[in-house]
Amino acid sequence: MNQLIMILRRSASKSIFLAAVFGLAFATNAFAATDADSCGANSESRQLDYWLGNWKIGAEGSSGNAHSTVSLSLDKCLVVENWDGGRGHYGQNVFGYSADDKNWYGMFADNEGRVHIFTSGKVASGSAEFEGKSRGPNGESLLNRVKITRLNPNKVEQSWEKSNDNGANWNVVFRGEYSRANR
């Protein structure tokens with residue numbers, strides 16, 4: 001129980017920041033929108049649709065049980081990935097396009113208390129790249145970069161890289177190949 005309280009305390013400031021980021025990114029859209037399906041009709045918001053579906057994840061050191069479900073939420077305004085690494089490690093990734101500032105935003109959270117905010121996103125047909133800052137275990141400043149690339153209609157690659165020198169050099173911390181699953 002004490003460990004859970006510590007995780008919640010560490011994540012509290014990030015959660016407040018997250019709420020502010022997503023609140024600002026989407027609140028003005030909610031008030032300005034005249035059509036409830038505006039995100040569904042916005043081509044920029046649809047740029048990650050290639051990733052929608054159920055996936056098996058193959059990655060170095062994975063258990064073979066890793067899987068992911070990617071779906072839409074909030075009237076097609078958010079892309080939500082629910083993933084399970086197959087060994088008790090699972091989480092959720094959320095991505096959304098802000099029509100107000102023409103930028104993509106994202107968030108990663110897992111059951112080990114990690115939360116990463118991505119404030120810079122570039123998405124085009126078949127590829128996406130998100131960057132955001134975080135702190136390492138010793139308080140050092142890190143830059144995170146997540147890439148989601150469509151390899152073909154039934155395969156997507158996701159990679160996560162970290163830099164401790166503000167993007168001059170990158171280290172791959174995760175690379176997974178997503179294959180469509182029939183579930």
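Predicted, not measured: the structure shown is a model, and the values here were computed from it.
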Heavy-atom closest contact ([X] atom, [Y] atom, distance):
| X | Y | result |
| --- | --- | --- |
| Asn65 | Gly86 | CB-CA, 4.0 Å |
| Asn103 | Thr119 | ND2-O, 3.0 Å |
| Gly176 | Ile57 | CA-CG2, 4.4 Å |
| Leu142 | Gly136 | CD1-CA, 3.5 Å |
| Arg180 | Gly53 | NH1-CA, 3.9 Å |

Given side chains that start at C-beta, do those of [X] and [Y] come closer than 4.5 Å, heavy atoms only?
| X | Y | answer |
| --- | --- | --- |
| Gln158 | Trp51 | yes |
| Val123 | Leu48 | yes |
| Glu157 | Glu177 | no |
| Asn93 | Met107 | no |
| Val156 | Ile148 | yes |
| Leu78 | Leu72 | no |
| His67 | Lys56 | no |
| Leu52 | Arg46 | no |

Would you say the side-chain atoms of [X] and [Y] include a donor-acceptor pair closer than 3.5 Å?
| X | Y | result |
| --- | --- | --- |
| Glu81 | Tyr178 | yes |
| Ser179 | Lys155 | yes |
| Asp101 | Tyr105 | yes |
| Thr69 | Asn82 | no |

What's the spacing between [X] [atom1] and [Y] [atom2] if we round to 0.5 Å?
| X | Y | atom1 | atom2 | answer |
| --- | --- | --- | --- | --- |
| Asp75 | Ser45 | CG | OG | 11.5 Å |
| Ser163 | Arg145 | OG | CZ | 8.0 Å |
| Tyr97 | Cys39 | OH | SG | 10.5 Å |
| Ser141 | Asp165 | OG | CG | 10.5 Å |
| Asn171 | Asn164 | CG | CG | 7.0 Å |

Check whether Leu151 and Tyr50 end up in the same hydrophobic cluster, where Ile, Leu, Val, Met, Phe, Trp and Tyr are linked by side-chain heavy atoms less than 4.5 Å apart.
no
Co-membership, hydrophobic cluster, residues Tyr90 and Val70, 4.5 Å side-chain
no
Stepwise side chain to side chain donor-acceptor pair (under 3.5 Å) test for Lys162 and Asn144
CA-CA 5 Å; Lys162 290 187 180 276; Asn144 297 280; 2.6 Å; yes
For Trp83 and His89, take the angle between the two ring planes, folded into 0 to 90°, and tell me which bin it lands in: parallel under 30, tilted 30 to 60, perpendicular over 60.
perpendicular
Give every residue pair that meets the ring-ring contact (aromatic ring centres under 6.0 Å, His included) criterion with at least one member in residues 149-173, sequence neighbours excluded.
Phe108-Trp160, His116-Trp160, Phe118-Trp160
Residue pairs involving residues 124-158 (criterion ring-ring contact (aromatic ring centres under 6.0 Å, His included); sequence neighbours excluded):
Phe95-Phe130
Are more than 12 heavy atoms, taken from residues, nucleotides or ligands other than Phe174, located less than 6.0 Å from that residue's CZ atom?
yes
Please confirm whether the backbone N or O of Asn42 pairs with a side-chain atom of Glu44, one donor and one acceptor, at under 3.5 Å?
no
